[in-house]
Amino acid sequence: MTARIVAAAVALGLLLSALVGVVYDWHGALTTAEILVPVGAATALLAGILVRRRARLGGLRRQLALGAVLALAPLLLGTALFTAVMFLNAHDAFLTALLAIYATALGGGVSWLIARGALADIVAIEHGLERVGGGERQLTIATGGGDELAALGAGVEEMTTKLAAEERARRDLIQAISHDLRTPLTSLRLLAEAVDDGIVDSATQRDYLGRMTTHVRALGGLIDDLFELSRLEAGDIHWTLEHVPLDALIAEAVEAMQPQAAVRSIAVRAETPPATVPAEANPEQIQRVLFNLIQNAIRHTPADGSITVRLEPAGERVEIEVADTGPGIVASERERIFDAFYRGGDGAARSDGGAGLGLAICRAIVEAHGGAIWLADGPTDGEGEARGARVRFSLRCAAASAASAAEQHPGARAPLSPS
């Protein structure tokens, strides 16, 4: 590094000396080179040493001060040498020295002002990080410029906001898990105590044992869903992607959910175009998404309502919609409806198991496929309130994925597992 800096300084000195030779004479060029080359090489060498030993120089103020001295010293030294070589009279030499001193003072003052503002911003960012480390999450870092330091301060503020949101989400998650575990565990404890104390007859004991089995299964399902969601969000995915005919997949899902819907007198139907393009997906996982969404819609659709599963092309993607005629989702809950354990204002989650994990798992599966899932705007009543919910998700068309892979790797086959 130092060698390159010295070489660059020497090359620049020789270039300027050559310019003097072209404009004036080669004797002047030689004199200029004898001054500029040694001064430049010495300055570059000292700069390289300072950079290598920066850790020993102390704080930024000291480093900037040394840098300013090193930058201005060649001006004074070069001026003195040129004045001596040119054999100026005392008057001219004095004026030249004053000019050099004046330029040095101005350059140093301007450098000090700029460095002072930059250092103030750095100190503000440092104090802001100390406050974040101390637990503060409402943070404003005031910087005096619009440069990279200001962007760094804004980045620290944004990071703090995200950190606060993640901490709130973690607290909510722990609280939700504790709640969903406490209820069945409390029931299990009471039932087990009743059976163990022998205060109930044999028929009641069998009933209690059946209830205990139900609670154990519920706990097992909750834990399985937690592990599955954690695995999906961590990217621990080992699926095989296939060309999936979505019309057939939707028909199978609708047919499988008919008995559950019939119990509540709810009609479930599929609407698919005559000719559909297959999607690149894992059929078991997309089937799970469909089951979750349809089951969720059944739980929130009143008797004699209806649920429609639609398949629509969307350019290089296909979109699937599950729409119901239930009460809909209020605007204040739309942003969080896919968050794990979120139940909404009335405490009833639009999820398959009631723990608030169904839609979160659906989102994780769809995003793992490179798609997206969202709430589409639905019809409204006379007062502007939504009637029913429309959950849509998108998948890549198999043909589009194959074409993209062929463009990136000509002659190669499309990948069979998500990256």
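For clarity, every value in this text was computed on a predicted model and none was experimentally measured.
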Practice item. Evaluate the side-chain proximity of L395 to E280: yes if any heavy-atom separation is below 4.5 Å, no if none is. Key: no
>> Less than 4.5 Å apart, side chain to side chain, heavy atoms only: is that true for L191 and V195?
In response: no
### Message
I want to check something: taking the side chain as every heavy atom from C-beta on, are R137 and V132 in contact at a cut-off of under 4.5 Å?
### Response
yes
Do N292 and N296 come close enough that some side-chain heavy atom pair is under 4.5 Å? no
Are there more than 12 heavy atoms of other residues, nucleotides or ligands under 6.0 Å from atom CD of E148?
no
* With the side chain counted from C-beta on, respond yes when Y208 and L190 share a heavy-atom pair under 4.5 Å apart, and no when they do not. => no
The reported gap from CZ in R310 to OG1 in T272 (rounded to nearest 0.5 angstrom) is 12.0 Å
Minimal heavy-atom distance between S394 and V366, with the atoms involved, is O-CG1, 3.9 Å
Taking every heavy atom of T240 against every heavy atom of N282, the minimum-distance pair comes out as O-ND2, 3.0 Å
Between L219 and P184, the two heavy atoms sitting closest are CD2-CG, 3.4 Å
Check this for me, if you would: do E158 and K162 make a salt bridge, where the nitrogen-to-carboxylate-oxygen distance has to be below 4.0 angstrom? yes
Check whether any side-chain heavy atom of I361 sits under 4.5 Å from a side-chain heavy atom of R288, and report yes or no. yes
Within 6.0 Å of CD in E193, more than 12 heavy atoms from elsewhere: yes
Compare all side-chain heavy atoms of T213 with those of R217 and state whether any distance is below 4.5 angstrom. yes
Under 3.5 Å, is there a donor-acceptor pair between the side chain of S230 and the main chain of L226? no
Rounded to the nearest 0.5 Å, the CG atom of L246 sits from the CD atom of E319 at a distance of 12.0 Å
For F291 and A256, the nearest pair of non-hydrogen atoms, with its separation, is CE2-CB, 3.8 Å
Separation between CH2 (W374) and CZ (R363), nearest 0.5 Å, reads 14.0 Å
- Mind checking whether V156 and L129 have side chains closer than 4.5 Å, heavy atoms only? yes
In this structure, CD of Q295 is separated from CG of L293 (nearest 0.5 Å) by 10.5 Å
- Pair T204, D207: side-chain N/O donor-acceptor within cut-off below 3.5 Å: no
d(E271 CD, D247 CG) to nearest 0.5 Å is 14.0 Å
Minimal heavy-atom distance between G305 and T325, with the atoms involved, is CA-OG1, 3.4 Å
What side-chain donor-acceptor pairs closer than 3.5 Å can you find for residues 259-270, not counting sequence neighbours?
from: R264; atom 1: NH2; to: T301; atom 2: O; distance (Å): 3.4
from: R269; atom 1: NH2; to: T308; atom 2: OG1; distance (Å): 3.3

For H369 and R396, the nearest pair of non-hydrogen atoms, with its separation, is O-NH2, 3.3 Å
So CG of L16 and OG1 of T32: to nearest 0.5 Å the spacing works out to 8.5 Å
